[in-house]
Amino acid sequence: MTEKTPDPAEHSVEHPAKYADPARPAEHAKISLSGVGKTFPVRGGDEFTALSGIDLDVAEGEFLVVVGPSGCGKSTLLDLIGGLARPTTGSVAIDGAEVRGPALDRAIVFQQYALFPWRTALRNVEFGLEAKGLGRRERAEIARRHLDLVGLSGFEDRYPHELSGGMKQRVAIARSLAYDPGVLLMDEPFAALDAQTRDSLQDELLRIWARTGKTVVFITHGIDEAVYLGERVAVLTSRPGRVKEIVDIDLGDRDEREDLRSSPEFAAHRHRVWSLLKDEVQAAQRLTVPAPRKEAIRRG
Ligand SMILES: Nc1ncnc2c1ncn2[C@@H]1O[C@H](COP(=O)(O)OP(=O)(O)OP(=O)(O)O)[C@@H](O)[C@H]1O
C-alpha cells in the first residue's frame, strides 16, 4: 500500500548544518571498531572469513550508511555492533565500553518489521519499555508520543495486519526509539517497501534523526538511499568485507532544495559511491561463479 507523501514544510530536516560538517573529531566516537574480523565455522572443519580488519569510528549523533556487495558482511557488522554476535578478532566499543551482548543503549530495525501480530501498535511500542520496568501509564504515554513522532497518531489501537508495510515499519522505528537508545542500527529497513513509501520514510527518518540526535548506522543496497541519508557512506569490499573507502557527503542546505536528488552535488556523490562499488560487485560475482565456469573464464 502506498502512503501519501508528507508535506515538506511539516517534515523538513531541522539541522542540515550537520551535513555541512561531516568530519567529526575521533575523540567523540560513539561507536568504535578496531581491527574487527569475523569468521564462521563451516562444515568440514574449515572457517569462512566474513569480515576482516575493520577500523571504523562513528561519531556521536552521526548518520553513517554502509554499502557493499551482497554477502560482504554488512549484516554481520551490524550484528557485532548490536551485540548479537562477538568478533573473532579486534573489538567493538560503544562510548568506550566493549560490546559484550545486546543492551538497551542500542536498537536494531530489520527489513522485516518483526512486530508482534497479537499486540496493537501501542502495545508493540510499549514492548521495549516493559524491559525498563516502567509503570503501565508511563509506558502508554511514552509509546503514544513515539507513535506521534513517526506520524501514527490515531493508529494506536490497530493490529499489524491492519497497517500498511510503511506503517508497520514506522511502528518498528517508534518501538526502537521509545526506550531511548543512543544508537539506532538499521538493516535495510526500507528494502521491502514501494518506492514512494520508501522516499517518504527516508524523509521521516531524517526528521526524526535531526530531532532526537541519535547515532545511526544504516545498511542499504541502494546508492541513492545511501547518498540521500548519510553524512558519510562507508563502502565495503567484496568478501571478506573491509572498509574500502568512506565518502563524505555534503549536499548543502537541504531545506533550500526542492529536488535534492536531481542536484549536481547529489549526482557527483552518487557517481563516486557507484564507482567504488562497481568493482566490488564484479569481484563478488566472480567469487560466486560455480567452479566449471570459473575455469572457462580463466581460459577465456
Ligand atoms: N552464522 C553464519 N554461519 C556461516 N556463515 C555465515 C553466517 N552468517 C553469515 N555468514 C556468511 O557471512 C557472509 C556475510 O553475510 P552477511 O549477511 O553479513 O552479508 P551481507 O553483506 O549483509 O549480505 P546481503 O547484502 O546479501 O544481505 C555471507 O557469505 C554469509 O553466508
Side-chain angles (χ1 to χ4, degrees), residues 31 33-56 58 63-92 99-102 106-114 165 169 172 176 183-193 198 201-202 216-230 232-247 270 273-291 293-294:
I31 305 169
L33 287 87
S34 171
V36 167
K38 179 70 182 171
T39 58
F40 293 105
V42 288
R43 270 190 295 275
D46 286 343
E47 286 192 329
F48 175 85
T49 304
L51 292 171
S52 175
I54 303 266
D55 293 314
L56 183 65
V58 187
F63 200 127
L64 178 85
V65 179
V66 179
V67 296
S70 184
C72 76
K74 301 182 291 298
S75 296
T76 303
L77 185 72
L78 214 68
D79 286 351
L80 295 175
I81 300 172
L84 303 180
R86 297 292 303 274
T88 315
T89 58
S91 67
V92 180
V99 170
R100 295 181 181 277
R106 282 153 277 149
I108 307 186
V109 180
F110 297 101
Q111 180 177 332
Q112 290 305 331
Y113 325 108
Q169 204 54 303
S176 300
V183 173
L184 188 57
L185 305 169
M186 307 188 86
D187 195 350
E188 299 189 56
F190 306 148
L193 306 176
R198 187 164 58 237
L201 270 178
Q202 286 169 358
V216 181
V217 180
F218 187 106
I219 287 175
T220 181
H221 275 111
I223 300 176
D224 282 38
E225 183 166 70
V227 172
Y228 192 70
L229 292 176
R232 295 191 300 159
V233 176
V235 181
L236 300 191
T237 62
S238 61
R239 68 169 201 255
R242 302 169 196 269
V243 178
K244 180 172 188 174
E245 192 168 318
I246 298 183
V247 180
R270 188 188 188 291
V273 175
W274 177 82
S275 311
L276 289 165
L277 258 180
K278 190 177 56 129
D279 295 343
E280 299 308 322
V281 171
Q282 282 169 355
Q285 279 164 354
R286 279 197 297 276
L287 283 171
T288 52
V289 172
R293 274 207 59 208
K294 256 189 218 160

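All residue numbers in this chain count up from 1 along the given sequence. Every number for a ligand or one of its atoms is a count from 1 in the order of the listing. Just so it is clear, the values below take in all heavy atoms, side chains as well, and ignore hydrogens, waters and symmetry mates.
Considering CG of Leu51 and CZ of Arg242, their distance stands at 10.0 Å, rounded to 0.5 Å. If you take CG on Asp187 and CG on Asp79, they are separated by 7.5 Å, rounding to the nearest 0.5 Å. Taken to the nearest 0.5 Å, the CZ atom of Arg198 stands 9.5 Å off from the CG atom of Asp224.
Residues Pro102 and Leu84 share a closest heavy-atom pair of CG-CD2, 4.0 Å.
For Ser176, there are no side-chain hydrogen bond (donor to acceptor under 3.5 Å, both in side chains) partners at least two apart in sequence or on another chain.
Protein residues with a heavy atom under 4.0 Å from ligand 1 are Phe40, Phe48, Ala50, Pro69, Ser70, Gly71, Cys72, Gly73, Lys74, Ser75, Thr76, Glu188, His221.
Between Val99 and Arg106 the shortest side-chain heavy-atom distance falls below 4.5 Å.
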